[in-house]
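Each remark here refers to the structure printed beneath this line.
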Amino acid sequence: QVQLAESGGGLVQAGGSLRLSCAASRRLFGLNAMGWHRQAPGNQRELVAIITSGGVTNYADSVKGRFTISRDNTKNTVYLQMDSLKPEDTAVYYCFLTIGGTYWGQGTQVTVSS
């Protein structure tokens, strides 16, 4: 079992930045992937960004060029740097880890005001 602890959400004005962090409760061995989904009210959960244990990344088209995902394997932590935020980025952001099964964080609210 792995627990994921998220931090870094909050309220920011449009054009601002936030950085989300997600720490796994134990060291991760072997092939795995970590990333973030988000879910806005009335919408389905959507993939925002993903990074593999080898450092390969992928982003939703809506965030390319604005968001950057990274990870520190020594800290078992993944980060999501969010710049040039827009009101449509407002959502609950969920960290996930895929290693065998899939584990989810509890979610952190990001609100972008216009």
Side-chain angles (χ1 to χ4, degrees):
Q1 286 290 333
V2 182
Q3 285 75 48
L4 301 176
E6 301 158 342
S7 60
L11 173 63
V12 64
Q13 288 188 331
S17 298
L18 285 173
R19 189 174 85 149
L20 306 182
S21 300
C22 173
S25 58
R26 65 168 176 81
R27 187 171 178 181
L28 305 174
F29 295 95
L31 296 175
N32 64 79
M34 299 184 77
W36 300 86
H37 280 70
R38 68 185 180 187
Q39 187 167 21
N43 291 357
Q44 291 187 333
R45 191 175 293 193
E46 62 173 351
L47 176 66
V48 176
I50 186 170
I51 184 167
T52 71
S53 48
V56 177
T57 61
N58 197 20
Y59 298 89
D61 288 341
S62 60
V63 306
K64 283 181 181 177
R66 300 188 298 120
F67 290 11
T68 303
I69 191 168
S70 61
R71 62 189 289 168
D72 185 338
N73 291 329
T74 66
K75 297 181 179 179
N76 311 315
T77 300
V78 63
Y79 305 96
L80 186 67
Q81 177 67 40
M82 304 185 293
D83 299 317
S84 302
L85 282 160
K86 303 175 181 180
E88 50 264 44
D89 294 318
T90 295
V92 178
Y93 284 69
Y94 296 91
C95 173
F96 71 91
L97 162 66
T98 299
I99 182 167
T102 299
Y103 302 89
W104 294 92
Q106 77 283 2
T108 186
Q109 178 69 47
V110 171
T111 302
V112 184
S113 63
S114 57

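At a threshold of 4.5 Å between non-hydrogen side-chain atoms, the residues L85 and F67 count as touching. Looking at I69 and V78, their side chains come closer than 4.5 Å, going by heavy atoms from C-beta outward. A heavy-atom distance below 4.5 Å is not found between the side chains of T98 and I50.
Sorted pairs that involve residues 8-33 and meet salt bridge (Lys or Arg N to Asp or Glu O under 4.0 Å), not counting sequence neighbours, are lacking altogether. A disulfide bond (SG atoms under 2.5 Å apart) check over residues 2-97, counting only residues at least two apart or in different chains, returns the pairs C22-C95. Applying the salt bridge (Lys or Arg N to Asp or Glu O under 4.0 Å) definition to pairs two or more places apart or across chains, none involves residues 1-14. Listed by first and then second residue, the ring pair (Phe, Tyr, Trp, His ring centres under 6.0 Å) pairs involving residues 45-65 amount to none (not counting sequence neighbours). Counting only residues at least two apart or in different chains, salt bridge (Lys or Arg N to Asp or Glu O under 4.0 Å) contacts with residues 44-56 comprise R38-E46. Legend: salt bridge (Lys or Arg N to Asp or Glu O under 4.0 Å) pairs involving residues 67-82, not counting sequence neighbours: none detected.
In this structure, L18 CG and T108 OG1 are separated by 9.0 Å, a value rounded to the nearest 0.5 Å. In this structure, N76 CG and N32 CG are separated by 9.5 Å, a value rounded to the nearest 0.5 Å. Distance CG/L20 to CH2/W36: 4.5 Å, rounded to 0.5 Å. To the nearest 0.5 Å, the span separating NZ on K86 from OG on S114 amounts to 14.0 Å. M34 contributes atom CE, which lies 7.0 Å from atom OG1 of T77 (distance to the nearest 0.5 angstrom).
Here L31 pairs with S53 under the side chain to side chain contact (heavy atoms under 4.5 Å, CB included) rule; sequence neighbours left out. Residues satisfying the ring-ring contact (aromatic ring centres under 6.0 Å, His included) criterion with F96, sequence neighbours excluded, are H37, W104. By the side chain to side chain contact (heavy atoms under 4.5 Å, CB included) test, A5 is found to be paired with no residue, residues two or more places apart in sequence or in another chain being considered. Residues passing the side chain to side chain contact (heavy atoms under 4.5 Å, CB included) test with Q1, sequence neighbours excluded: Q3, Y103. Applying the salt bridge (Lys or Arg N to Asp or Glu O under 4.0 Å) test to R66 and every residue at least two apart in sequence or in another chain returns D89. Q109 is linked by a side chain to side chain contact (heavy atoms under 4.5 Å, CB included) to T90, V92, T111, counting only residues two or more places apart in sequence or in another chain.
The shortest heavy-atom contact between Q39 and N43 is NE2-O, 3.1 Å. Residues A40 and A91 approach most closely at N-CB, 3.8 Å, considering heavy atoms.
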### Task
Evaluate the criterion side chain to side chain contact (heavy atoms under 4.5 Å, CB included) for residue pair Y94 and L4; output intermediate values, then yes/no.
CA-CA 10 Å; Y94 296 91; L4 301 176; over 6 Å; no
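Follow the hydrophobic side-chain contacts under 4.5 Å out from I51 and you never reach Y79; the two are in separate clusters.
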